[in-house]
Undergrad: 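Before anything else, here's the structure in question.
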Amino acid sequence: MILDIFFPNRCIHCNRIIDGNLLVCNVCFEQIHFTHFNFFEDNYILEKCKLLFPIENAFALMQFEKENLSRKIIHELKYKSREKAGKILAEWTTDRLDFKNQKPDMLVSVPLHPKKLKERGYNQLHLFTETLSRFYEIPFSHDLIKRNNYSKAQALKDKKHRLESQNTFSIAKNISGKHILLVDDVFTTGNTIASIAWEILKTGDNKVSVLVMAMDE
């Protein structure tokens, strides 16, 4: 296409021209710090979640370290209108996450407040979650959880204010006896995930697991 000639897709890290369906070139891909966690075994994010709420399993795709490539990828997805990056991140996840014969019942994405959704134009988790849903053949819901309060982005808050997050959530539909896999972009303090998890756990005989694109130590 003409646009591809005049505005070719470039690696977000080194600026090398790459295929239109990629985020990074092969060389830079090797610099991404994947976690290699096992969903069914103890890992760092699982231990962090256990301190906050009863959890079944947990998985993080990448490490979200300062100045590393995974941080740049997430910021491209969230703040630079690269919604399609969600599909690529989902494909990287399916290469590394095997539910075996113990799939959760539903994938549930963390919602944006309607005002934030209007500002950004999309929820960065939707395409990611939908791609996973098709691959694993697990139903998804983008509206099971409602975010009640508007606040500035977590990335723009200092650590103290992230811990004192004003965000609250509620359940939009009654569910019972379900194993819910909560899907988020970055796990920092775990405050957001924990707030949602407790809403799900108190509504019925439900179980919660967690899947995030990246985790920040």
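For clarity, every value in this text was computed on a predicted model and none was experimentally measured.
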Undergrad: Hey, does the side chain of Asn206 reach the backbone of Ile200 with a donor-acceptor pair shorter than 3.5 angstrom?
TA: yes
Undergrad: Give the minimum heavy-atom separation between Pro111 and Lys146, together with the two atoms involved.
TA: CG-C, 4.2 Å
Undergrad: Are any side-chain N or O atoms of Ser176 and backbone N or O atoms of Gly204, one a donor and one an acceptor, separated by less than 3.5 Å?
TA: no
Undergrad: Of the non-hydrogen atoms in Glu83 and Leu127, which two are nearest, and what is the gap between them?
TA: O-CD2, 3.7 Å
Undergrad: Would the distance check show the side chain of Thr35 and the main-chain N or O of Ala60 forming a donor-acceptor pair, the cut-off being under 3.5 Å?
TA: yes
Undergrad: Please list all pairs meeting salt bridge (Lys or Arg N to Asp or Glu O under 4.0 Å) that have one or both residues in residues 179-206, counting only residues at least two apart or in different chains.
TA: Lys78-Asp185, Glu199-Lys202
Undergrad: Quick one: closest heavy-atom pair of Val110 and Asn123, and the distance?
TA: O-ND2, 3.4 Å
Undergrad: Show which residues join Leu117 in its hydrophobic cluster (side-chain heavy-atom contacts under 4.5 Å, direct or indirect), or state none.
TA: Leu112
Undergrad: Return the SG to CD distance between Cys14 and Gln31, rounded to the nearest 0.5 Å.
TA: 8.5 Å
Undergrad: Rounded to the nearest 0.5 Å, how far does CD1 of Ile12 lie from SG of Cys28?
TA: 8.5 Å
Undergrad: List in chain and number order the residues that pass side chain to side chain donor-acceptor pair (under 3.5 Å) with Lys84, two or more places apart in sequence or in another chain; answer none if no residue qualifies.
TA: none
Undergrad: Parallel, tilted or perpendicular, judged at 30° and 60°: which one describes the rings of Tyr79 and His75?
TA: perpendicular
Undergrad: Going by side-chain heavy atoms closer than 4.5 Å, which hydrophobic residues are tied to Tyr122, directly or by a chain of links?
TA: none
Undergrad: What are the two closest heavy atoms between Cys25 and Cys11, and how far apart are they?
TA: N-SG, 3.4 Å
Undergrad: Closer than 4.0 angstrom, basic N to acidic O: yes or no for Lys207 and Asp105?
TA: no
Undergrad: Could you tell me if Glu56 and His179 have a donor-acceptor pair between their side chains, going purely by distance under 3.5 Å?
TA: no
Undergrad: Short question: side chain of Thr188, backbone of Asp216 - any donor-acceptor pair under 3.5 Å?
TA: no
Undergrad: If I compare all heavy atoms of Ile138 with all of Pro104, which pair ends up nearest, and what's the gap?
TA: CG2-O, 3.6 Å
Undergrad: Provide the full list of salt bridge (Lys or Arg N to Asp or Glu O under 4.0 Å) pairs with a residue in residues 11-33, sequence neighbours left out, each pair given once.
TA: none
Undergrad: With sequence neighbours left out, what residues match Gln63 under side chain to side chain donor-acceptor pair (under 3.5 Å)?
TA: none
Undergrad: Please identify each residue that fulfils side chain to side chain donor-acceptor pair (under 3.5 Å) with Glu91, with sequence neighbours left out.
TA: Lys87
Undergrad: Do other residues, nucleotides or ligands put more than 12 heavy atoms under 6.0 Å from the CG atom of Asn174?
TA: no
Undergrad: Kindly indicate whether a cation-pi arrangement holds for Arg71 with Phe64, taking the cut-offs as under 6.0 Å to the six-membered ring centre and within 45° of the axis.
TA: yes
Undergrad: To the nearest 0.5 Å, how far apart are CG in Leu182 and CD1 in Ile196?
TA: 6.0 Å
Undergrad: Running the 4.5 Å side-chain criterion over Ile, Leu, Val, Met, Phe, Trp and Tyr, what cluster does Val27 land in, apart from itself?
TA: none
Undergrad: State which residues pass side chain to side chain donor-acceptor pair (under 3.5 Å) with Lys72; sequence neighbours excluded, sorted by chain then number.
TA: His13
Undergrad: Would you compute the distance between atom CZ of Arg96 and atom CG of Leu61 and round it to the nearest 0.5 angstrom?
TA: 6.5 Å
Undergrad: What residue pairs, at least two apart or across chains, pass ring pair (Phe, Tyr, Trp, His ring centres under 6.0 Å) with a residue in residues 81-110?
TA: Phe29-Trp92, Phe34-Trp92, Phe39-Phe99, Phe99-Tyr136
Undergrad: When you measure from the side chain of Ser133 to the backbone of Thr129, do you find a donor-acceptor pair of N or O atoms at a distance under 3.5 Å?
TA: no
Undergrad: Strictly distance-based, threshold 3.5 Å: is any side-chain N or O of Asn149 a donor or acceptor partner for the main-chain N or O of Arg147?
TA: no
Undergrad: Which other residues end up in the same hydrophobic cluster as Ile18, if Ile, Leu, Val, Met, Phe, Trp and Tyr are linked when side-chain heavy atoms come under 4.5 Å apart?
TA: Leu22
Undergrad: Could you pull out all donor-acceptor pairs under 3.5 Å where a side-chain atom in residues 44-55 meets a protein atom, sequence neighbours excluded?
TA:
unit_1 : atom_1 : unit_2 : atom_2 : d
Lys50  : NZ     : Asp42  : OD1    : 3.4

Undergrad: Side chains of Asn68 and Ser70: donor-acceptor distance under 3.5 Å anywhere?
TA: yes
Undergrad: If every non-hydrogen atom of Ala90 is compared with every non-hydrogen atom of Leu132, which pair is closest and at what distance?
TA: O-CD2, 3.7 Å
Undergrad: Taking atom CD of Glu119 as the centre, report whether more than 12 heavy atoms of other residues, nucleotides or ligands fall under 6.0 Å from it.
TA: yes
Undergrad: Any sub-3.5 Å donor-acceptor pair from Arg10's side-chain atoms to Asn15's backbone N or O?
TA: yes
Undergrad: Could you tell me the separation between the CD1 atom of Ile74 and the CZ atom of Arg82, rounded to the nearest 0.5 Å?
TA: 12.5 Å
